[in-house]
Amino acid sequence: MSDPVGKLPSELDQLPDRDTEETAEWAASLDAVAQAAGTRRAEYLLRRTLQHAEAAGLALPKLLETDYVNTIPTAAEPEFPGDEAMEAKITAWNRWNAAAMVTRGSKYGVGGHIATFASAAWLYETGFQHFFRGKETDGSGDQLYIQGHASPGIYARAFLDGRISEQQLDNFRQESGGNGLPSYPHPRRLPWLWEFPTVSMGLGPLSAIYQARFNRYLQNRNIKDTAGSHVWAFLGDGEMDEPESTAALALASREQLDNLTFVINCNLQRLDGPVRANFRVVQELEAQFRGAGWNVIKTLWGSAWDELFQLDTTGALVRRLREVPDAQFQTYATRDVAYIRRHFFGVNAELVQLAGVLSDAKIAECFHTSRGGHEPRKVYAAYKAALEHKGAPTVILAQTVKGYTLGAGFESKNANHQMKKLTIDEFKSMRDKLALPIPDSAFEGGQVPYGHPGANSPEVRYLNERRAALGGPAPARKVHHVALPAPADRSFAPLIKGSGKQEMATTMAFVRLVKDLMRDKETGKRWVPIVPDEARTFGMESLFPSAGIYSPLGQTYEPVDRDQLMYYKEAKDGQILNEGITEAGAMADFIAACTSYATHGEPMIPFYIFYSMFGWQRTADQMWQLADQLGKGFIVGATAGRTTLTGEGLQHADGHSHLIASTNPASLNYDPAFAYEIAVIVKDGLRRMYGETPEDVFYYLTVYNEPKVQPAMPEGVEEGILKGLYRFNQASDLENAPAADSPKIQLMASGTAIHWILEAQKLLAAEWNVAADVWSATSWGELRRDALECDEALLRGEVRTPYVTRALEGAAGPVLAVSDWMRQVPDQISQWVEQDYTSLGTDGFGLSDTREGARRHFGVDPQSIVVAALAQLARRGEVPASAVKEARERYGL
């Protein structure tokens, strides 16, 4: 085989060349251009040819990076349909009130951000005036993910249209007294305005993609017509460094989500300084999005640059723009014209010649303020092109100046993100620049005034007319409550009556329950099973052929297991969201489904099932986002605990998720031991979340993969299951019960640990004459929540006894609590237990071993429980101390 080194790629191409002579002619033409007109001309022709091929739909690799110029040139901009002068006045009032609100609040030390909205004002205003659909017409309107640091500008606009009062503006970031405004978009704190919580963590862009995808899911399943809904996500260029921001770009293009637009405000600054100090973030983002299959629109330069580009007959200006790094361009925005002439234009003769015909005023305008994101005509053109593009999502890279219109002390300064106020003189200068009719007398007393043209002013009338034409105010969150009927009892009956002699893991019990609920005529179609590529692990493959896996393409292939009963079935109207290896993506799916009752007026019942360890530990920030967004649904941590997932070892063994979950006020956390407990919890969860008086909560259930015989539900335990604790049996129920005067102890456990204490109960009775009652603690968290509420009531003068105290009242002996979780989980309730209390758990790292070996290692196996129980009784003098030593030796501990 000949050595390929030095050969042209075409010579090594595996595709046969049907006409080598024609190919040679093309190559010769390119060589001739390079020789006659220079390599730059040859490069230009190649780029234009590739762009033309892409526009013509030819199957060629796309250019990942285009020139550092506007995608839509000025000559191609559509006619602007609005009153630009009127919209400029409206935007000026919003700029003013946003800055005034933050400055006035700074005297209380609450902070706030000014510079972000100042740079992005036209990006929002153009959308509000011409594109963002409200919720007062047919359909669901648009979904707006607002950049968190821009919230003052959104509040300012709501003040202008009368939805927020001056008092509320003065209560920005001061919510505890009521009638305040949250710092960022927080639906839980301001549920009539904000739909989606966002701020600089990458969760907004990730959620926006899955929201657009869920809109299509509802459409394809014929649940809601979402064809008129568009998802708009407003992001910062610095925020794009968060891995979640770009985690699902390929999903969006793969599923052709042309109902989605990202608007990235490229002001080239993050919190501390330049985004890509030595590089160009716009070009990097373009390559990233184009490579992922997105439609990219760059809106970089304002109309002042038109003259410069017309004079650039050699391409020298475009090449220079392509090579200047972000930090240097930020510097140009703050330096005088002489500096710009020397350092930007002075690098070669072509640029020197170009600069020679430019006035100082023109150069200052171009480099200091003229950006595409500050001109409504250019923003309008980009938004219109985004909506008209079909077959792929669109990202708009809009360049702005951070702190625009706030004065030279703010604009493009590294520290402007941390600057929270303007001086009175700076406000007066800003007033003059914005041409606002605010007299000097309004500043008396050193307080900056709010500004409002009046409820019947031309500005407010215009604003309201535009919003009426687009379907009402925005942003806005509207909930039209639709109570779902309770499923028939027959779905729960198999779990209530137990499994007989058959062994069944609680994971399988939950899956069987949901499978039956999905058959319910009234609510079955509303269940949304979500799983990150572990459905077979959780025994969910039986759902594949019946419910189908959602795919907007349907099934374009013949599955390898088509001849089997439980074959892999994808369908356009599939019900299951099988997400691949992405817990973050599955969680974003879950959030969209959990909040469909508000976003679309269609309550859905999602359950997200995952490896327990890969839930709260990996995506707890999204679960906090879910709580903020007032989501409802079931999170299911399967293969839970630290000793049940044999062989997988440290990174799969979960012993702490319930602790993390306990930090979320909206999460109701249960660790059921038996199948019937799952039935009771799920049934009540459906009532609380989807009944006549729905609560803004969600459920976290941990279930196990250890097959056990599932008993029938005892009489009268429903209340205890839901509150978190009930007595499962008593020592007197045993076949060989200890004598009535025997030492007594209360054994308490959750989840799979119930089986260890049941065995320990027998050993204590048979071998040590100790009478142990067994309690099932279905929720340590709910017991603690109830006790905390009792403590809070006491501060109000109301005496209430915690449920856990009442449940254990009169129970003889000490309490020993055991779980497959670290001891801090059962220890959550210790201070409200009047008996002597101790616990056993699985603290430390997990390990690979058999279940029995792991439980012996952590000291939670039945024999270890016996020794711990005897030790408790020995400390009380109820058994001899020698019994503890004897037990340790007998059991080989």
Side-chain angles (χ1 to χ4, degrees), residues 655-673 677 680-681 684 688 695 697 699-702 716-731 744-751 753-754 757 761 772-843 860 865 868-869 871-873 875-876 878:
H656 51 275
S657 283
H658 271 282
L659 270 185
I660 306 174
S662 70
T663 65
N664 192 310
S667 180
L668 308 184
N669 310 313
Y670 286 90
D671 187 30
E677 294 176 352
V680 171
I681 294 165
D684 194 63
R688 290 183 66 175
E695 301 175 49
V697 297
Y699 278 67
Y700 174 50
L701 277 70
T702 42
V717 298
E718 289 93 333
E719 181 188 22
I721 291 172
L722 298 175
K723 288 186 174 295
L725 182 69
Y726 68 94
R727 185 163 13 211
F728 177 72
N729 72 18
Q730 302 181 65
K744 294 179 174 56
I745 190 169
Q746 307 300 315
L747 300 180
M748 186 183 298
S750 68
I754 198 79
I757 66 169
Q761 178 192 40
D773 292 351
V774 166
W775 298 73
S776 178
T778 53
S779 178
W780 310 102
E782 284 305 287
L783 292 173
R784 178 178 176 81
R785 195 191 304 264
D786 169 78
L788 289 173
E789 290 173 356
C790 292
D791 287 355
E792 291 171 5
L794 188 61
L795 294 176
R796 301 190 299 268
E798 179 185 348
V799 179
R800 289 167 48 189
T801 303
Y803 174 80
V804 64
T805 307
R806 289 186 282 115
L808 290 169
E809 185 177 4
V815 172
L816 175 60
V818 186
S819 80
D820 207 17
W821 307 89
M822 55 197 303
R823 290 176 62 179
Q824 288 166 277
V825 174
D827 285 351
Q828 292 179 83
I829 65 170
S830 61
Q831 70 186 84
W832 297 282
V833 175
E834 295 181 341
Q835 292 86 346
D836 292 340
Y837 185 94
T838 191
S839 63
L840 296 176
T842 56
D843 289 71
V860 292
I865 294 170
Q872 259 188 300
L873 293 169
R875 283 194 294 271
R876 295 163 57 94
E878 297 179 20

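The shown structure was predicted, so the numbers you read here are calculated from the model rather than taken from an experiment. By convention here, the first residue in the shown sequence is residue 1. These numbers come from the heavy atoms of this one structure, side chains and all, not from hydrogens, waters or symmetry mates.
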Closest heavy-atom pair, Ala753 versus Val818, reported as atoms and distance to 0.1 Å, is CB-O, 3.8 Å

Any donor-acceptor pair under 3.5 Å linking the side chain of Gln872 with the backbone of Ala869?
no

So, Arg806 and Glu809, do they make that salt bridge, N to O below 4.0 Å?
no

Intermediate values then yes/no, side chain to side chain contact (heavy atoms under 4.5 Å, CB included), Asn729 and Asp773:
CA-CA 6 Å; Asn729 72 18; Asp773 292 351; 5.7 Å; no

Leu816 CG to Ile757 CD1 distance, which is reported to the nearest 0.5 Å
8.5 Å

Check whether any side-chain heavy atom of Ile865 sits under 4.5 Å from a side-chain heavy atom of Leu840, and report yes or no.
yes

Test side chain to side chain donor-acceptor pair (under 3.5 Å) on Tyr726 and Glu677; report intermediate values, then the result.
CA-CA 11 Å; Tyr726 68 94; Glu677 294 176 352; 2.5 Å; yes

Rounded at 0.5 Å granularity, tell me how far CD in Glu878 sits from NZ in Lys744.
9.0 Å

Is the closest side-chain heavy-atom distance between Val815 and Glu834 below 4.5 Å?
no

Between Gln761 (side chain) and Leu747 (backbone), is there a donor-acceptor pair under 3.5 Å?
no

Which distance, rounded to the nearest 0.5 Å, do you find between the CG of Asp684 and the CD1 of Ile721?
10.5 Å

Before giving the answer on side chain to side chain contact (heavy atoms under 4.5 Å, CB included), spell out for Glu782 and Leu668 the whole-Å C-alpha distance, their side-chain angles and the decisive distance to 0.1 Å.
CA-CA 7 Å; Glu782 284 305 287; Leu668 308 184; 3.5 Å; yes

The residue among Thr805, Asp786, Asp791, Thr801 that forms side-chain hydrogen bond (donor to acceptor under 3.5 Å, both in side chains) with Trp832 is Asp791

Heavy atoms only: give me the nearest Trp780-Ser750 pair and the separation to one decimal.
NE1-OG, 3.0 Å

Do any N or O atoms from the side chain of Ser839 and from the backbone of Ala817 form a donor-acceptor pair under 3.5 angstrom?
no

Could you give the distance from OG1 (Thr842) to NE2 (His656), rounded to the nearest 0.5 Å?
10.0 Å

Ionic contact status for Asp836 with Arg876, cut-off 4.0 Å
yes

Step-by-step side chain to side chain contact (heavy atoms under 4.5 Å, CB included) determination, Met748 to Val833
CA-CA 12 Å; Met748 186 183 298; Val833 175; 5.6 Å; no

Side-chain touch Val717/Phe728, heavy atoms, less than 4.5 angstrom
no

Indicate yes or no for a side-chain donor-acceptor contact from Ser819 to the backbone of Gly841 under 3.5 Å, with no hydrogens or angles considered.
no

Could you measure the distance from the CD atom of Gln831 to the CZ atom of Arg784? Nearest 0.5 Å is fine.
6.0 Å

Return yes if some donor-acceptor pair links the side-chain N/O of Ser662 with the main-chain N/O of Gly781 below 3.5 Å, else return no.
no

Verdict with supporting geometry, Trp821 and Asp671, side chain to side chain donor-acceptor pair (under 3.5 Å):
CA-CA 10 Å; Trp821 307 89; Asp671 187 30; 3.1 Å; yes

Heavy-atom nearest pair, Ala807 first then Leu725, reads CB-CD2, 4.2 Å

I need the Lys723 NZ to Leu783 CG distance, nearest 0.5 Å.
9.5 Å

Parallel, tilted or perpendicular, judged at 30° and 60°: which one describes the rings of Tyr670 and Tyr699?
parallel

Do any N or O atoms from the side chain of Arg688 and from the backbone of Glu695 form a donor-acceptor pair under 3.5 angstrom?
no

Please name the pair of heavy atoms, one in Gln746 and one in Arg727, separated by the smallest distance, quoted to 0.1 Å.
OE1-NH1, 3.9 Å

Measure across Tyr700 and Ser667 and return the closest heavy-atom pair with its distance rounded to 0.1 Å.
CB-OG, 3.8 Å

Smallest separation among heavy atoms of Pro672 and Thr702, with atom names:
CD-O, 3.4 Å

